[in-house]
Amino acid sequence: MKKKILMTGNEAVAQGAIDAGCTFYAGYPITPQNELTAYMAVHMPGKPGIFIQAESELAAINMVYGASAAGARAMTSSSSPGISLKQEGISYIAGAELPAVIVNVMRAGPGLGNITPAQSDYFQATRGGGHGDYHLIVLAPASVQEAYDQMFLSFDLADKYRAPVMVLGDGMLGQMMEPLQLSAVSFQPSAENKKPWALTGCAGRSPNVIKSFYMDTNELEKFNLNLQKKYALIRQKEQRWEEIFLKDAKTIIVAYGSMARIARSAVHALRGKGKKVGLIRPITLWPFPEKAFTKHLTSNTRYLAVEMSYGQMLEDVQLAVGKAKVDFLGRAGGGVPSEEDIIRRVNG
Amino acid sequence: MDKIYSHPVSLRDNSTHYCAGCGHGTAHRIIAEIVDELGIREKVIGLAPVGCAVIAYEYWNFDCSEAAHGRALAVATAIKRVRPENIVFTYQGDGDLAAIGTNETIHAANRGENLTVIFINNAVYGMTGGQMAPTTLAGQKTATTPAGRDVLSHGFPLKISEMLALLPAVKYIERVSFHSPQEIIKAKQAIKTAFLNQINNIGFSLVEILSPCPTYWGMSPQKSLEWIKEVMAKEFPLGRIK
Amino acid sequence: MTEKIIIAGSGGQGIMLLGKVIAETAMRENKFVTWLPAYGAEVRGGAAHCAVIISDTEIGSPLIDKADTLIAMNALSIIKFQNRIKNKGLLILNSSLIHQFKKAKVDILECPCTEIAEGLGNNKVANMVALGAYLAKKTVIPIRAAQEAINEMAPADKKALVEINIKALQEGAKSANG
């Protein structure tokens, strides 16, 4: 086993991507994810790693589109305002059914906002974000270790479904250091990772075309229906979550990412006082882990959605629990709900 | 008897959707001929733009990708970096390359990406219905300059080729025209040079083609060719720029 | 055991590094640990601080509301963080730069970190003096492990500085045991 090392979340994402076989990175500087780009600049170049500091977020995401079209495991990273700029390219990537990984180390908005941690891009991430009927698979790491591990998962899911995957962190996770256990094995391409659709030159086969344009509206509708089938399959197969103390819980807190760490502390403190409190931590935000809720749904369970935004994840919790009562605790724009805030709300 | 004509393998055997007298068909064909002549059909990767030529891949018989409007050179940059052994070219109109994609164009050129760029300048937006392009001439009437382009409010025709020529990493720029068979032969020579430059690892090469759009110029195909020669080529002088 | 430490001072005092040495040492001792820096606009104007949490169990929030220990390296940091110390918490105070600070219900350890560092010939190691004082006072992690961590954390081109850093650590401990 490799020795543990201390790393920031941003660096862990970068190292995770490299270990997961990412051979192409393009990005544009923006705080609070600059350590990620800088790490890539140091560790990517050389065969076969390619690092490009792009002239813009648009160029960066379109470079990812190109690298992916050419068959590479490709990624970009940014923070909220930069992710807004990338939406055009993300829509094209979804439309062209290209695998790609996009990392969003969220900061507070709207507009330029501030670089303090926030989770206010939840809707943008889970509803698609750009134009058209598409989804990203969205993963939300809650620790430096998970940020690293999820890079393997995100590239695998991207390849498997030929779809963009977003890793949604925040400034707190990006900046904090924790001990990290590096994977003993790095990515080795196998038959499963073959990309017969990639642009390689048409030697020995008919030409490949990467596109999202359909002149014929019937064809476009058919394509969209196929996309929807893919999303239905992802919904069915890829829901991931962590649950703590659900069995006898009267109150279930729902929180993801950095927020879930704080919620976990609150849950432990409340359990210490004999309160029957549990936690559902969505690991995939899209697909939202509805199964976690249906499994535990009882008529008198009370839910508390806690997020660093103003009622975004809340909507998915409400959809998942139907008529059960859902309370909400959220702060954004620099404020982070504290352990004490959560405890007060549960007791209140 | 010698065979003096054959259909390029790199051009599919179907008819194009372009208007009568449009330059795109000629440009597609020249590129296909060159790809055949250089024997690179199995290595070439073409980038189709957003614009009238969006489905160029329906006509070319080799690997292609679409790129979002203006982003072809960012996409091409990555493809070439990932696959340096392939021959990658972009095919872009004036709106794509010199308006919405100016940033991508300038920076790909400034990085000296070893790419071949075919720039179709017809001084107007075709697919969207004849609006002003960055290269629209002073006084030229378009859907969005109904009284003619007024340079004081709409700006001057943008000479992006001359601008790019200032960049140290740019290796080759030539402006050619489709207004006569002789000029088309010269255009083909220039495009071939731009492909050979990539094959020989010389670097960023761009050919700007003054190309007719009779539909949105409101002229007959014949009149369009005369207009290129008499008017457009005065604003955009032909020849080697770098 | 959970120990929450806020380390505060000014840019150039090695505040972040002090936190990292604690975090690295704790990791080597198989503790759970988080290190969270102030970043961006917070670090403008020359202020610097970081939050380190060491625990035997998994750590929830890396944020610290009330710290078990505050290491304050300059006067400004005392103004900013004096109310963030827990009741009966520990305050390690760089008495070279902070004069006559009193606070009830807080265990104050005055250590002339900067003067001791200057005595060793490099005022930049004041942070390690503070660390030595802290580890002498609170035995959450052994000082020997911190020495090893410093030794291994030093990049190849800075190995020459290991000795003075370890010396500073020892002097800090000595001062605390005084």
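Residue numbers begin at 1 in each chain, while the letters A, B, ... track the order of the sequences.
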[X] versus chain A, the contacting section by heavy-atom distance below 4.5 Å:
{"X": "B:Ile45", "result": "side chain"}
{"X": "B:Ile55", "result": "side chain"}
{"X": "B:Asn86", "result": "side chain"}
{"X": "B:Val88", "result": "neither"}

4.5 Å side-chain heavy-atom contact, A:Thr23 and B:Val82:
no
(message) Tell me whether B:Asp63 contacts the main-chain N or O of A:Asn208 through its side chain, where contact means a donor paired with an acceptor under 3.5 Å.
(response) yes
For [X], does the [atom1] atom have more than 12 heavy-atom neighbours from other residues, nucleotides or ligands under 6.0 Å away?
{"X": "A:Asp133", "atom1": "CG", "result": "no"}
{"X": "A:Tyr28", "atom1": "OH", "result": "no"}
{"X": "B:Gln189", "atom1": "CD", "result": "no"}

I need the minimum non-hydrogen distance between [X] and [Y], along with the two atoms involved.
{"X": "A:Ser212", "Y": "B:Glu66", "value": "N-OE1, 2.8 Å"}
{"X": "B:Asn61", "Y": "A:Cys202", "value": "O-SG, 4.3 Å"}
{"X": "B:Cys64", "Y": "A:Leu199", "value": "O-CD2, 3.4 Å"}
{"X": "A:Asn62", "Y": "B:Ala74", "value": "CB-CB, 3.9 Å"}
{"X": "B:Ala78", "Y": "A:Gly66", "value": "CB-C, 4.0 Å"}

Rounding to 0.5 Å, atoms CD1 (A:Ile52) and NE2 (B:His107) come to a distance of 13.0 Å
So OH of A:Tyr92 and CZ of B:Arg71: to nearest 0.5 Å the spacing works out to 8.5 Å
In terms of heavy-atom pairs under 4.5 Å with chain B, the winner among A:Glu55, A:Met63, A:Arg205 is A:Glu55
For chain A, the option from [options] that forms the most heavy-atom pairs under 4.5 Å:
{"options": "B:Arg83, B:His69, B:Glu58", "value": "B:Arg83"}
{"options": "B:His17, B:Glu85, B:Arg111", "value": "B:Arg111"}
{"options": "B:Lys43, B:Arg41, B:Glu104", "value": "B:Glu104"}

Is chain B contacted by the side chain of [X], its backbone, both, or neither, given a heavy-atom distance below 4.5 Å?
{"X": "A:Phe213", "result": "both"}
{"X": "A:Thr200", "result": "both"}
{"X": "A:Ile50", "result": "side chain"}
{"X": "A:Glu88", "result": "side chain"}

